[in-house]
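All figures in this text were calculated on a predicted structure; none of them were measured in a lab. First the proteins, then the strands, lettered A, B, ... as listed; each starts at 1.
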Amino acid sequence: MSVFVIGYYALLLSASCLAAYFNKRSVFLLLFSLTLVSFVVGIVGGAGALKAIAIGAGMLALAAMVSYAFREFLILLASTEMAKELRTAPLTAAFGMFVIFTYAIAGIFAPIIAPYGEAEVISSAFAPADENMLLGADQLGRDMFSRLVYGTRNSVGLALTATCAAFIMGAGAGLLAATKGGWFDQFMGRFADVIMSIPSLIFALLMLSIFGPSMPVIIIAVSIIYAPRVFRLTRAVAGNVVVMDYIEAAKLRGEGTGYLIRREILPNSTAPLIAEFGLEFCFVFLLVAGLSFLGLGIQPPTADWGSMVRENATLISFGEITPLIPAAAIALLTVGVNFVVDWMLHRSSGLKE
Amino acid sequence: MAKEKEVLLKIRNLKIQGYSDETWVDIIKGVDLTLHRGEVMGLIGESGAGKSTIGAAAMGYARDGTRFSEDSSIEFDGMELTTATQAERRALRGNRIAYVAQSAAASFNPSHKIIDQHTEAPLQYRLKKRMEAQEDAMDLYERLRLPNPKEIGFRYPHQVSGGQLQRAMTAMAMACRPDLIIFDEPTTALDVTTQIEVLAAIRDIVEQFNTAALYITHDLAVVAQMADTIKVLLKGEEVEQASTEEMMSNPKEDYTKSLWAVRSFKSPQRYRPKDATPLISVRNVDAAYTAGPKILDDVSFDIYEGMTVAVVGESGSGKSTAARVITGLLPPQEGEVLFKGTPFPADYRQRNKEQLRQCQMIYQMADTALNPKVRISEIIGRPARFYSGLKGAALKARVDELLDLIELEPAQYYNRYPPELSGGQKQRIGIARALAAEPSFIICDEVTSALDQLVAEGILRLLDRLQNELNLAYMFITHDLATVRSIADEVVVMQNGKVVEQGPKDEMFKPPHHPYTDLLLSSVPEMDPNWLTTLLEERGVDNVGDSAAARIDPEDEKVVR
């Protein structure tokens, strides 16, 4: 029995007793079930397993504290209106916002943050981490950390542009179809069906093999793949708004389609569209990363998370986690964006509790 | 009488709190209520008075986000509901306390047969076997005078009419022979002619089974027919309580008196100017929605400048369709609409700005008629900018003027959004939007039917004042004859897409009537507590509502005319 194990159980037990004494039901349940799990895991896996649990719990607590502090920070900065909204944000959403904030900083200030250039060879291939290189070197001896930072710029920037393009196309067509109705609606609907019936990865591969992998082609191909989904959602949302009396009043006033869409329909459909934007952003991001992994996305030597995973994939058979770091960066952003989107969906659906 | 009976429901110091702005606020501020067995108590008040909340509280239920305060007490037949467990409370509901909701159409599950939903409660509580329960249901349907009582239960909810559905729901509430039924505005969504059937049915069945009831409504005339005692509520507080006769003849509080006085407003009648061309003239219009049956059949009527024409009839009679034809939303199959003698293009898309400007519309549901995401200044300012090309300071001055016209303080409302306003205020904004176009003719589609009586009265007075000041013509679509009495100059009665009778108001309210007009007129509840009894005696129980409408003799001289 090491000091660590005794201290570990003492801390857990005293905390759960305190929680029980102060009638904090959920806290008590959480702590005590953790204690019980620790008993079992401790017997099976020994002190090492307990340490892993402790580290995991510590990380979670740290993330929660960061999110809480970040939310309070935002509330302080924001106007009263926004602050009221922000107070309703759960910790998960605050965590998501923190992640997005960090990525944005990393992307915008990449040349300042990164110690080396993205294509700069500074050491031998697969060199381990040292005081110069935080995460070691990749297969050509470039600094992993610098490439990760530059990758934020390229991967996220590309995904963001493609999502925006998909939204401009899809939402524009959806709003028009809902407002105009009739044959235009039918035509757009069937056209969207046709695009959706082609498997997305195959469609992207086809486009990229025909036109060659360059940034504009990737953006256009990806946005064409995702536009029909946005179209469907927008048309459904706008369809509910179009039947309202105030639209009829505006039509009877003689307003044109442009005004109807811009001033009457769009303000009433933004909430679900923003939520959808977050979701689609994740999908686009994953598709771009997948394309890069297949070698058809962003071309070397430009740093990109997807291709970084592929290039360093051989390292995994030597028990190194280096190739997983860019993958984790992708996962973290996806989770963060989804946390924020969940919160927005919750708000726009008007659900309480 | 009621005093000697056993107390069934005793509510003491009921406080219900809602969570808003991070504190608990009292919604119901300490209401006491005592209900004896077999007694019917009417709860009246405007919306937001807490009627429905009290009704739900009588079942020991507080809506999500609300709670009973610590010192409230709800005692049902000796059982304290505020401290009872969920399971105990649930065992009462449907079994000993039943609930009849406002919209039967929304309360029935559309994918189960009516009788299956009816027998659910007795089977759940193991009171009856399935066949027994079904026979009992048929018996109840018969007592409630539903047509084909043996068969109607095996239909799906969408296969029966609204009034029948409301009666089926009352029957369902009776399924376990509860001690207490809570009626939450059971007839508000129904036409006057249908309302009578439902009222008569509810009253009979409550009497037959000696059931106690809480009858929640905002219609005084209705509550006068149904209740033994009346409790008036205002903003979560009790105003006064008395027996129905006493309350009707001698209300004590000022607020109650103001409720009673509502139906007194009457605008002086105007007559058609001689030798003038009508402003709007609907000529022999037939209309139908694509490939459907004819909704309008040879409809003709005229509207003169500065006059109000009320179009009355029950739902489905084609009133709103007539309005859609005039506005051009639904081009007629035959016939035409003339504006000052010249034909209006049939489709609104072919009308020019000037023609569109002349004819404005005010909607029934102010909630859906105003865009919730647009500021009041923009809602009212847009038509002024669109038609008159006003900009900047001139536009702001015009909006201020319009807000003044509808009796709202401009500075206060200029930058607000519709959801921040009350129902009456929203309807005023709707009026201002119509006025902003400077029209000569406004269609008012059931503008007061979603509002409380006091608020509706204010809107009617406002419309009347505006008419006098701006020389507007109104087409007033309504099913409420009290509204017709107060504001109309001429009346058009519609039934099944045909105009059955039209003429000046003073003639229309004098006999002899067309039998359908007669039916409509006699179906409007009056404040007299004995009105329903007298009417049923006069007409016979089976000769009210739909059955009476179906019975109109086609050979009657007024019909043939």
Practice task
Verify the neighbour count for atom CZ of A:Phe28: are there more than 12 heavy atoms of other residues, nucleotides or ligands below 6.0 Å?
Solution key: yes
Problem - Side-chain (B:Tyr363) to main-chain (A:Tyr246) donor-acceptor, under 3.5 angstrom - result: no
Exercise for the section: Mind checking the OG1-CD spacing from B:Thr368 to A:Glu248? Nearest 0.5 Å is all I need. Expected result: 9.5 Å
Problem - Residue B:Ala437 versus chain A: region with a heavy atom under 4.5 Å - result: neither
Practice task
Assess whether atom NZ of A:Lys24 is packed by more than 12 heavy atoms of other residues, nucleotides or ligands within 6.0 Å.
Solution key: no
Handout entry: Region of B:Glu378 that comes under 4.5 Å of a non-hydrogen atom in chain A
Key = side chain
Handout entry: chain A contact via B:Arg357 - side chain, backbone, both or neither, heavy atoms under 4.5 Å
Key = neither
Practice task
Kindly give the heavy-atom pair with the smallest separation between B:Met365 and A:Asp245, and that separation in Å.
Solution key: O-OD2, 4.3 Å
Exercise for the section: Answer yes or no: are there more than 12 heavy-atom neighbours, outside A:Tyr68 itself, under 6.0 Å from its atom OH? Expected result: no
Handout entry: Reported CG-to-CD distance for the pair A:Leu252 and B:Gln360, which is rounded to 0.5 angstrom
Key = 8.0 Å
Practice task
Ignoring hydrogens and angles, tell me if any N or O in the side chain of B:Asn371 forms a donor-acceptor pair with the backbone of A:Glu264 under 3.5 Å.
Solution key: yes
Practice task
Verify side-chain contact (heavy atoms from CB on, under 4.5 Å) between A:Arg263 and B:Arg382, making sure each step is shown before the conclusion.
Solution key: CA-CA 11 Å; A:Arg263 302 308 298 270; B:Arg382 178 66 191 174; over 6 Å; no
Exercise for the section: Tell me, out of B:Gly430, B:Pro372, B:Cys359, B:Gly328, who's got the most heavy-atom pairs with chain A below 4.5 Å. Expected result: B:Pro372
Practice task
Could you tell me whether B:Arg349 atom CZ has more than 12 heavy atoms of other residues or ligands within 6.0 Å of it?
Solution key: no
Exercise for the section: Please report the shortest heavy-atom distance between B:Leu356 and A:Arg253, naming the atom on each side. Expected result: CD1-O, 3.8 Å
